[in-house]
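The structure under discussion appears below in the form of structure tokens.
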Amino acid sequence: DLDAPMFNRKLSYSAFWGGIPVGTFSRLQPGLIDDTVDAYLYGMSLFYNHSNSAKYKLFFAESYGSEINQPVLTNRTFGVGTFFKVGSFNLDSEAAYDDDGHISYTTSARLKMKKTNISLNFTEDDNDFASPLGGITSGGETRMTFTLGHSFNEDVSMSHSISAMRERD
């Protein structure tokens, strides 16, 4: 992992390469904390920090190896992201697409107050969009999650979420 700020921290990039950890549903399995399979991911992100309240990102990722979770519909993903902050309100949006033009959009809005957090996340995937890590495609779906959290004190907090998903034909 390499991270390098440039031009008074207005422009920066991050490059990465590494093995994909063992485990289908979890990154950790007992006794195999540092074990990887013959599957690798590399990529690069370019960030433009317009101001403390507006940031933009371009990214690219590619996977390879004989043990990537199957099916792998694409090994390459490209994307863009925008991140805005006004006071305690954040609005983020990202879009990713693969070599075949399948697209995934994600938007999230978060309001952070002193002891209460409210968030709304929305994602829409094309029918055949799949992660470059491989695995089952989304099948084309729209997902939404609303979360409300409150911290009563340092030791006690409560969070409630409700989500909905609609599959496409």
Side-chain angles (χ1 to χ4, degrees), residues 1-5 9-18 20-21 23-27 39-65 68-113 116-149 159-169:
D1 190 23
L2 172 68
D3 192 15
R9 301 201 177 275
K10 287 286 188 187
L11 192 63
S12 63
Y13 69 90
S14 178
F16 60 90
W17 175 87
I20 298 172
T24 302
F25 298 104
S26 169
R27 294 286 184 214
Y40 304 91
L41 182 71
Y42 70 91
M44 185 172 202
S45 294
L46 179 65
F47 301 92
Y48 173 63
N49 296 317
H50 177 68
S51 66
N52 286 338
S53 59
K55 299 175 182 172
Y56 306 93
K57 171 175 82 169
L58 297 171
F59 64 88
F60 162 78
E62 184 171 11
S63 62
Y64 65 96
I68 293 175
N69 292 330
Q70 296 298 324
V72 176
L73 298 181
T74 182
N75 290 348
R76 286 184 283 285
T77 302
F78 307 87
V80 296
T82 59
F83 310 93
F84 298 103
K85 181 176 182 176
V86 178
S88 58
F89 179 74
N90 292 285
L91 181 63
D92 302 340
S93 183
E94 291 191 68
Y97 69 96
D98 61 24
D99 287 343
D100 295 326
H102 303 116
I103 298 176
S104 174
Y105 303 101
T106 300
T107 299
S108 65
R110 295 179 313 281
L111 180 62
K112 292 184 178 187
M113 296 174 273
T116 304
N117 295 321
I118 301 170
S119 69
L120 180 63
N121 296 305
F122 174 81
T123 300
E124 184 167 358
D125 295 332
D126 277 357
N127 284 352
D128 292 324
F129 182 82
S131 163
L133 298 178
I136 299 171
T137 64
S138 68
E141 62 189 26
T142 302
R143 297 181 302 277
M144 186 273 312
T145 304
F146 175 77
T147 303
L148 175 63
S159 178
H160 299 282
S161 293
I162 184 168
S163 62
M165 179 192 62
R166 180 181 158 256
E167 292 183 0
R168 289 196 251 154
D169 297 331

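In terms of the side chain to side chain contact (heavy atoms under 4.5 Å, CB included) criterion, residue partners of S163 (sequence neighbours excluded) are, by chain and number, T145.
Shortest non-hydrogen contact noted between K10 and H50 is NZ-O, 2.7 Å. The two residues T123 and T106 have their closest heavy-atom pair at OG1-OG1, 3.4 Å. Closest of all the heavy-atom pairs between T147 and S161 is OG1-OG, 2.9 Å. When all heavy atoms are compared, the tightest approach of F47 to Y13 is CD1-CA, 4.5 Å. The shortest heavy-atom contact between S108 and N121 is CB-OD1, 2.7 Å. Nearest heavy atoms, L120 versus M144: CD1-SD, 3.3 Å.
Residue F59 qualifies as enclosed at atom CZ: its count of foreign heavy atoms under 6.0 Å is above 12.
Counting heavy atoms from C-beta on, the side chains of F122 and Y105 never come closer than 4.5 Å. Taking 4.5 Å as the limit, every side-chain heavy atom of L46 sits out of range of all side-chain heavy atoms of Y56. Between I118 and F146 there is a side-chain heavy-atom pair separated by less than 4.5 Å.
Taking CD of E167 as the reference point, atom CD of E141 lies at 6.5 Å (rounded to 0.5 Å). Interatomic distance, CG of N117 versus NZ of K112, reported as 6.0 Å (0.5 Å rounding). To the nearest 0.5 Å, atoms OG (S12) and OH (Y48) are separated by 12.0 Å. S63 contributes atom OG, which lies 9.0 Å from atom OH of Y42 (distance to the nearest 0.5 angstrom).
Annotation: salt bridge (Lys or Arg N to Asp or Glu O under 4.0 Å) contacts involving residues 39-51, sequence neighbours excluded, are absent.
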Check residues 89-96 and write down every donor-acceptor pair under 3.5 Å in which the side-chain atom is one partner and the other belongs to a residue at least two apart or another chain.
unit_1	atom_1	unit_2	atom_2	d
D92	OD2	R110	NH1	2.9
D92	OD2	R110	NH2	3.1
E94	OE1	K57	NZ	3.1

